[in-house]
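It should be emphasised that the depicted structure is a prediction, and the values quoted were computed from it without experimental measurement.
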Amino acid sequence: MTLTADPLDTLLRAAVRDRVHSGAVWAIGDASGILAEGAAGPRTGPDTEFELAGLGRILDVWPAVGALVGEGALQLHTPLGGYLTELAGHPLAGVTAHHLLTHTAGLRGPAHDGLDRGGAGDTDGGHAGGRALLLRTVPHRPPSEAVEYSDRAAAVLGHLVEHLSGRPPARLAAERIWQPLGMTRTRVRRPSAGAADPGVCSVINDLARFLRHLLGPDPEPFGAAWVRDSLRIRTGELAPPRGLFWHPAAGTHRRQDLWVHHGPAGSGVWISPTQARWAVLLTGRSEGPGGREASDRVREDFRTAAFH
């Protein structure tokens with residue numbers, strides 16, 4: 001694949017001009033590093049820090065779970081009740097980590113404040129609040145019946161990771177992945193009193209380090225098997241198809257082997273082991289007239305150009 005920055009820069013400059021995004025940075029690469037990159041918007045560049053929101057789960061919860069699976073501390077198909085004794089007699093006891101990673105746990109709706117703080121976050125005193133809300137999280141249908149996205153899945157997994165490792169996912173990821181890879185600009189944003197839940201913030205070069213690592217022969221600490229198992233359809237005939245926190249990019253054929261994890265405001269990360277390519281798009285929110293439909297369209301146009 002021949003890479004040129006011109007069409008991507010043109011696309012994102014137009015998105016900023018039309019107020020779809022306040023700014024954007026992007027990069028495309030392989031296992032050796034970045035092959036092409038660019039930025040659009042005032043005061044936006046490689047050093048611009050973005051709050052990743054849901055996209056951050058691919059940097060903390062997903063690798064933290066993979067590390068525990070790799071060392072044998074977690075089995076994906078063991079019910080949560082086998083690890084969390086407080087779930088005895090609770091509907092979540094029969095749900096597995098596999099259900100949560102594939103969004104087939106029967107959960108719906110956003111996670112509430114306490115569960116996020118006790119799970120994926122890294123705030124003092126969050127564990128007790130996370131446990132309390134965990135017990136109030138009731139699936140609305142039996143697992144394996146449908147694929148339904150819910151950020152409660154990441155929050156429950158975060159609580160499980162903290163129970164098994166003694167550390168929230170972001171702290172475990174920082175120790176085992178971010179620091180060894182030199183992701184020095186990736187951090188947990190602590191909320192101010194009464195503000196939003198903690199989230200992961202990062203810059204484009206740190207995400208590039210992470211994604212190129214996934215294409216390596218044996219990415220520590222979770223290993224190639226975790227990446228391989230995550231980037232295959234794990235939901236049978238259910239639609240939409242899902243891997244483990246990744247899903248096939250919309251409008252692509254299975255032979256393209258192109259997987260994506262979406263973030264807020266039209267951002268996303270893509271990886272294709274078959275094509276030996278990765279891409280990342282980080283965008284700033286805007287109050288433009290197009291709303292989510294416009295930002296989603298820019299994201300899909302970016303993906304098409306990046307993996308043409």
Is there side-chain contact between [X] and [Y], with at least one heavy-atom pair below 4.5 Å?
| X | Y | value |
| --- | --- | --- |
| F307 | T252 | no |
| R234 | D229 | yes |
| L258 | R303 | yes |
| R254 | D257 | no |

Are H247 and H261, when compared by the centres of their aromatic rings, separated by less than 6.0 Å?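 No, the ring centres sit 6.0 Å or more apart.
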Measure from the ring center of F222 to the ring center of W62 and say whether it is less than 6.0 Å. yes
Is there a donor-acceptor pair under 3.5 Å between the side chain of Q275 and the backbone N or O of Q256?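 Yes; at least one donor-acceptor contact below 3.5 Å.
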Should [X] and [Y] be counted in the same cluster of Ile, Leu, Val, Met, Phe, Trp and Tyr side chains packed under 4.5 Å apart?
| X | Y | result |
| --- | --- | --- |
| L80 | L164 | yes |
| L181 | L59 | yes |
| F50 | V16 | no |

Other residues, nucleotides and ligands only: do more than 12 of their heavy atoms fall within 6.0 Å of CZ on R108?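 For R108, atom CZ is not crowded (no more than 12 foreign heavy atoms under 6.0 Å).
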Cut-off 3.5 Å, side chains only: do H159 and E86 have a donor facing an acceptor?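 Yes, because at least one side-chain N or O of H159 sits under 3.5 Å from a partner of the opposite role on E86.
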When every non-hydrogen atom of F245 is compared with those of L100, the smallest separation belongs to CE1-O, 3.8 Å
Apply the test side-chain contact (heavy atoms from CB on, under 4.5 Å) to residues W246 and R232: give CA-CA distance (whole Å), side-chain angles for both, the deciding distance (0.1 Å), then the verdict. CA-CA 9 Å; W246 296 82; R232 67 180 179 86; over 6 Å; no
Check each of R189, R285, R187 against E51 using the salt bridge (Lys or Arg N to Asp or Glu O under 4.0 Å) test, and report the only one that passes. R189
